[in-house]
Amino acid sequence: MAVPLRVRDGRVGPGMELTELQALEERYLMQTYRRAPVEFVRGEGAVLWDAEGREYLDFLAGISVCSVGHCHPDVVEAVREQAGRLIHVSNLFYTEPMVRLAERLSESSLGGRVFFSNSGTEANECAIKVARKHAHGRGIAEPEIVSFERDFHGRTYGSLAATPGLAGNEALGPMLAGFRSVPVNDAEALRGAVGERTAAVLIEPIQGESGVYAIDDEALHAARAACDEAGALLIFDEIQTGMGRTGSLWAYEQTPVRPDLLTSAKALGGGFPIGACLATPETAEVLEAGDHGSTFAGGAVAAAAALAVLEIVDDPALLRGVRELGASLRGQLLALDGVREVRGRGLMLGVGLAEGIDAAAVGTDLLERGLIVNVPEEGTLRLLPPLTVDAEQIERAAALIGESLLTAL
Ligand code: PLP
């Protein structure tokens with residue numbers, strides 16, 4: 001592929017060199033990310049191309065965002081069509097894509113109402129507000145939210161306070177009060193932590209950012225029972241696990257419990273920023289006019305994109321494919337030298353590497369070989385390919401991981 005042309009200083013010419021981009025990034029962007037030294041310019045399905053025309057198999061999908069693949073024609077068309085007609089009017093008025101999306105999300109999940117946001121962390125902020133107001137309604141003056149250690153719920157202050165691994169960053173303090181955590185999968189500790197003051201238990205059914213660790217059924221049962229006993233709400237953060245990632249539209253469908261609130265984002269918009277807090281009919285009435293809001297949320301283009309994504313993902317054949325391809329990928333990975341275990345469900349997999357293998361070095365080597373994965377913790381590769389990936393791409397990815405591990409052993 002030819003080097004892409006760009007408009008620069010009013011002239012059309014070849015794109016910037018990577019080193020030039022890096023220098024500008026360092027000068028003009030707050031240095032909160034460590035980016036890999038690649039500039040991507042095009043994507044299609046599970047494939048990305050960099051500025052040099054090199055092809056990559058994308059087994060990260062924008063961190064579980066591009067679940068229908070890059071630039072899926074139906075999503076592109078829905079966005080193009082909506083953007084050409086109406087982009088934004090605010091939540092002071094009605095727009096059809098927003099209302100249709102709310103109906104579709106509600107009918108496919110908890111049956112109540114939806115609050116839209118622009119990101120995952122904001123979807124959780126809404127759930128936290130619902131839980132706190134619900135608790136105040138039960139006479140609790142200082143409501144508390146319980147989550148598991150190693151959970152990740154986002155970067156805004158409410159979600160951050162429910163993210164124990166980051167909430168300890170004193171330089172960002174003071175943190176929001178009213179949050180506590182218990183060890184992962186410790187059902188006994190969870191029962192002990194939920195009491196009179198508890199507004200909600202907020203959990204990721206499979207912890208994604210900390211390395212792909214599922215919450216076991218015993219802990220989920222304990223969470224549901226403890227919430228029921230205390231009158232508290234059970235919130236599932238399905239920002240990473242939802243929208244088909246685990247082989248059902250929502251991960252909770254494959255667990256023994258049903259939450260009172262569910263948050264979604266990431267794959268919901270197929271790359272367009274949109275999040276949602278989904279409620280049961282009982283919790284749908286907690287927030288009233290003035291309690292919450294967002295200028296952009298539920299915007300027509302993002303909602304149109306999400307409707308197109310749901311049309312593709314909320315399909316039994318696609319979801320069966322996710323389960324089958326996931327099982328096949330898991331089997332191929334487990335057969336590799338250097339793989340200790342494979343965790344997760346569907347196409348959300350954490351590959352635990354053998355003792356002594358430097359996962360970060362493997363991740364870097366894989367990028368050089370043309371496979372994109374990420375390393376959420378020492379010793380683990382995380383694989384989140386588009387749900388539309390095919391069997392040949394799965395085999396190619398497993399083969400590349402095998403080759404890389406052979407050099408790392
Ligand atoms: N919750 C979970 C489980 C996530 O994985 C993430 C992002 O990685 C978030 C919340 C935050 O989402 P966002 O980055 O869109 O704010």
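In what follows, every heavy atom counts, from backbone to side chain, and hydrogens, waters and symmetry copies are set aside. Counting begins at 1 with the first residue of the sequence. We count ligands from 1, going down the list as the structure has it; atoms in each ligand are counted the same way.
Considering only non-hydrogen atoms, atom 11 (C) of ligand 1 lies nearest to T121 out of I63, T121, D151, V65.
When non-hydrogen atoms are compared, ligand 1 lies under 4.0 Å from neither the backbone nor the side chain of T241. Residue contacts with ligand 1 for K266 involve side-chain atoms from C-beta outward but no N, CA, C or O (heavy atoms, distance under 4.0 Å).
Between R396 and E392 there is a salt bridge, with a side-chain nitrogen of the basic residue lying less than 4.0 Å from a carboxylate oxygen of the acidic one. A salt bridge between R382 and E209 is present, with a side-chain N of the basic residue lying under 4.0 Å from a carboxylate O of the acidic one. Residues R340 and E355 are not paired through a salt bridge, judged by the lack of any N-O separation under 4.0 Å between the basic side chain and the carboxylate. Taking 4.0 Å as the cut-off between side-chain N and carboxylate O, E229 and R191 do not count as a salt-bridged pair.
The shortest N or O to N or O distance between D237 and ligand 1 is below 3.5 Å. Residue G154 places no N or O, backbone or side chain, under 3.5 Å from any N or O of ligand 1.
For the pair Q207 and ligand 1, no heavy-atom separation below 4.0 Å is found.
Within a 4.0 Å radius of atom 15 (O) of ligand 1, the protein contributes one or more non-hydrogen atoms.
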List the steps, then state whether salt bridge (charged side-chain N to carboxylate O under 4.0 Å, His left out) holds for R343 with E341. CA-CA 6 Å; R343 304 180 295 270; E341 62 175 6; 2.5 Å; yes
Quick one: do E196 and R138 satisfy salt bridge (charged side-chain N to carboxylate O under 4.0 Å, His left out)? Show the steps, please. CA-CA 10 Å; E196 282 174 4; R138 295 187 288 118; over 6 Å; no
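Closest to atom 5 (O) of ligand 1 among all protein heavy atoms lies Q240 NE2, 2.8 Å. From the protein, the heavy atom lying nearest to atom 12 (O) of ligand 1 is G120 CA, 3.4 Å.
Listed by atom number, the atoms of ligand 1 under 4.0 Å from E209 heavy atoms are 5 (O), 8 (O). Close contacts of ligand 1 with E204, meaning ligand atoms under 4.0 Å from a residue heavy atom, involve 3 (C).
No donor-acceptor distance shorter than 3.5 angstrom exists from the side chain of E96 to the backbone of R100, with no hydrogens or angles considered.
Proximity of the aromatic rings of F40 and Y56 is defined here by a centroid distance below 6.0 angstrom, and this criterion is met.
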